[in-house]
**Q** 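My questions will all concern the structure given below.
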There are 2 protein chains.
Amino acid sequence: MNSLRTGEVAQKLGLSAQTLYFYERIGLIPSPQRSPSGYRLFGDRDVARLSFILRVKALGLSLDEIKEILLLYDGESLTCQAIRDRLQHKVQELDQKIHRLQALRNELAPLVKECQSFLSQPSPDGECSALRDITGIGGNQDA
Amino acid sequence: MNSLRTGEVAQKLGLSAQTLYFYERIGLIPSPQRSPSGYRLFGDRDVARLSFILRVKALGLSLDEIKEILLLYDGESLTCQAIRDRLQHKVQELDQKIHRLQALRNELAPLVKECQSFLSQPSPDGECSALRDITGIGGNQDA
DNA sequence: CTACACCCTATACTTCGGTATAGGGTCAAG
DNA sequence: CTTGACCCTATACCGAAGTATAGGGTGTAG
Ligand SMILES: [Zn+2]
Ligand SMILES: [Zn+2]
Ligand SMILES: [Zn+2]
Ligand SMILES: [Zn+2]
């Protein structure tokens, strides 16, 4: 029975009003009721749905993935299995992303070390090997 | 003395011509010489610069970060220290990103496990606790 | 009545690293 | 001379998740 206006919901959930419009536009939430003058009135269910969205978003799911889950929910076919499949898929994606980033990190880190040791103990030829490795050119040079 | 046309450079480096135009537009590479009829003619230095860009991009630096380095290079102030600072900064950013993703992963994984064990051995009340945790609502429900 | 806070819609803009398209020019072979 | 491969510019578009702005309506307090 209690209904909140856009600004109140935004305040409560830490969103902007624009974000609420946006979620409505992309079909993540249904268009809420309106007051006679056209103001949105969000009921408890609307707010609960938004809370769910934010909770799951914080777990790292994209709005599209959340929308998929909510479609199942709306169709009353949101099962344990469906959730499990999606979360598992997401975990795998996260693992892949983590591995890729670690691979990059492990290529970058040695170069830093190399530069570091060169800075503390320059070799006689005056050129850091990491700098040379990266540029593939050597230090500065013209034409 | 040998100069390549756009398509040849693109072919050689595994880029599209559009990408070359794009790099030129954003100032990553200088506008190369032109033939009398207006065709781009990339010299050895141009190709070397592009190779550098691709090499460093493969290390995970953004085009903006690469541009910064190239500006130093163009100003002949590309030092070991400058490179080291940038790479170190990047490594730190990668570390942060990795940690964030791992935190997400570690929040998600237990939920998958919970659903998994519920699927193999449903509890009497017919509701998976992970499903309840996530939705904050329980299974399906209306108004 | 008027100021002000709040609300509405529609549209454009943001970042990033390009890709796609439209509409035209150049050049060598046949 | 025409065909076809190549080149040019300018512009729009992609995904993701919004943010910003313009231009207007509503509701209440003084
Ligand atoms: Zn996926
Ligand atoms: Zn160095
Ligand atoms: Zn940074
Ligand atoms: Zn479950």
Side-chain angles (χ1 to χ4, degrees), chain A residues 3-43 46 49-50 52-70 90 93-94 97 100-101 104, chain B residues 3-43 46 49-50 52-70 90 93-94 97 100-101 104:
Chain A
S3 58
L4 303 176
R5 282 183 310 173
T6 303
E8 293 166 327
V9 172
Q11 172 89 27
K12 187 167 177 176
L13 299 181
L15 300 169
S16 73
Q18 262 74 9
T19 299
L20 287 173
Y21 302 149
F22 174 68
Y23 283 178
E24 185 179 335
R25 212 166 60 235
I26 66 176
L28 202 53
I29 56 174
S31 191
Q33 281 200 279
R34 299 294 182 114
S35 77
S37 63
Y39 287 16
R40 283 171 181 78
L41 296 174
F42 293 86
D46 295 317
R49 192 183 181 99
L50 281 164
F52 167 69
I53 290 168
L54 296 182
R55 223 164 26 249
V56 181
K57 197 163 89 74
L59 288 178
L61 277 77
S62 71
L63 297 187
D64 259 11
E65 289 163 335
I66 296 172
K67 193 171 169 183
E68 235 185 290
I69 292 176
L70 284 171
K90 194 69 189 180
E93 283 179 350
L94 283 176
K97 209 179 282 187
R100 271 200 312 269
L101 290 181
L104 283 181
Chain B
S3 58
L4 303 177
R5 282 182 310 172
T6 302
E8 294 166 327
V9 174
Q11 173 89 26
K12 186 167 179 177
L13 300 181
L15 299 170
S16 73
Q18 262 73 11
T19 300
L20 287 174
Y21 302 149
F22 174 68
Y23 284 178
E24 185 180 336
R25 212 166 60 235
I26 65 175
L28 203 52
I29 57 174
S31 191
Q33 282 199 280
R34 299 294 183 115
S35 77
S37 62
Y39 288 14
R40 283 171 180 76
L41 296 174
F42 292 86
D46 295 317
R49 192 183 181 99
L50 280 164
F52 168 69
I53 290 168
L54 296 182
R55 224 165 25 251
V56 181
K57 195 162 90 74
L59 288 177
L61 276 76
S62 71
L63 298 186
D64 258 12
E65 287 163 335
I66 296 172
K67 193 172 169 183
E68 234 185 290
I69 291 175
L70 285 171
K90 193 70 187 181
E93 282 179 351
L94 283 175
K97 211 179 278 188
R100 269 201 313 268
L101 289 181
L104 283 181

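Numbers restart at 1 for each chain; the letters A, B, ... are given by sequence-line order, proteins then strands.
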**Q** Arg49(B) side chain to Pro30(B) main-chain N or O, any donor-acceptor pair under 3.5 Å?
**A**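 Not a single qualifying donor-acceptor pair exists.
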**Q** With a non-hydrogen cut-off below 4.0 angstrom, is Ser35(A) in contact with a base, only sugar-phosphate, or nothing?
**A**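 Nothing, no nucleic acid heavy atom in range.
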**Q** Is any side-chain nitrogen or oxygen of Arg40(A) closer than 4.0 Å to OP1 or OP2 of dC8(C)?
**A**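 Yes, because at least one side-chain N or O of Arg40(A) sits under 4.0 Å from OP1 or OP2 of dC8(C).
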**Q** Which whole-number value in Å describes the distance from Tyr21(B) OH to dA10(D) P?
**A**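 So the OH-P distance, Tyr21(B) to dA10(D), works out to 12 Å.
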**Q** If I take atom NZ in residue Lys97(B) and atom C1' in nucleotide dC16(C), what distance separates them, rounded to the nearest angstrom?
**A**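 It is 11 Å, rounded to the nearest whole Å.
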**Q** Return the value, rounded to whole Å, for the distance between atom CG of Leu4(B) and atom C1' of dC6(D).
**A**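 After rounding, the reported distance stands at 15 Å.
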**Q** Below 3.5 Å, does any donor atom in the side chain of Tyr23(B) face an acceptor in the base of dG18(C), or the other way round?
**A**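 Answer is no: no donor-acceptor pair is held.
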**Q** Just the rounded figure in Å: distance from C1' of dT19(D) to CD of Glu24(A).
**A**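 Answer to the nearest Å: 17 Å.
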**Q** On the nucleotide dT19(D), are OP1 or OP2 found under 4.0 Å from the side-chain N or O atoms that Ser16(A) carries?
**A**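 Result: yes.
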**Q** Measuring from atom CD of Glu93(B) to atom CG of Leu101(A), what distance do you get when rounded to the nearest 0.5 angstrom?
**A**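 Taking CD in Glu93(B) and CG in Leu101(A), the distance rounds to 11.5 Å.
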**Q** Give me the atom names and distance for the closest heavy-atom approach of Ser31(A) to Glu24(A).
**A**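 Closest heavy-atom pair between Ser31(A) and Glu24(A): OG-OE2, 2.7 Å.
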**Q** Rounded to whole angstroms, how far apart are CG on Leu41(B) and P on dC6(D)?
**A**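 Roughly 17 Å, once rounded to whole Å.
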**Q** Counting only side-chain nitrogens and oxygens, does Thr6(A) get under 4.0 Å of the OP1 or OP2 atom of dC8(C)?
**A**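 Yes, Thr6(A) has a side-chain N/O under 4.0 Å of OP1/OP2 on dC8(C).
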**Q** From dC7(C), dC16(C), dC7(D), pick the nucleotide closest to the side chain of Arg5(B)?
**A**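 Closest nucleotide to the Arg5(B) side chain: dC7(D).
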**Q** Ignoring hydrogens and geometry, is there a side-chain-to-backbone donor-acceptor pair from Lys67(B) to Ile26(B) under 3.5 Å?
**A**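 Yes.
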**Q** On DNA chain D, does the nearest nucleotide to Tyr39(A) precede the nearest nucleotide to Leu15(A) from the 5' side, or the other way round? Give the residue.
**A**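 First, find each residue's nearest nucleotide; the 5'-ward one identifies Leu15(A).
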**Q** Return no unless some side-chain N or O of Ser37(B) is found under 4.0 Å from OP1 or OP2 of dG25(C).
**A**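 Answer no for this pair, as no side-chain N or O of Ser37(B) is under 4.0 Å from OP1 or OP2.
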**Q** How long is the line joining CZ of Arg34(B) and P of dC27(C), in whole Å?
**A**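 About 14 Å, once rounded to whole Å.
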**Q** In whole angstrom, what separates Phe42(A)'s CZ from dC7(C)'s P?
**A**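 For the pair Phe42(A) CZ and dC7(C) P, the rounded distance is 10 Å.
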**Q** Decide yes or no for Pro32(B) and Asp46(B): does some side-chain heavy atom of the first lie under 4.5 Å from some side-chain heavy atom of the second?
**A**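 The answer is yes; the side chains approach within 4.5 Å.
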**Q** In whole angstroms, how far is the P atom of dA12(D) from the CD atom of Gln18(B)?
**A**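 The answer, rounded to whole Å, is 16 Å.
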**Q** Check this one for me: any side-chain N or O of Lys57(B) less than 4.0 Å away from OP1 or OP2 of dC16(C)?
**A**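 So the side-chain polar atoms of Lys57(B) never come under 4.0 Å of the phosphate oxygens OP1 or OP2 of dC16(C).
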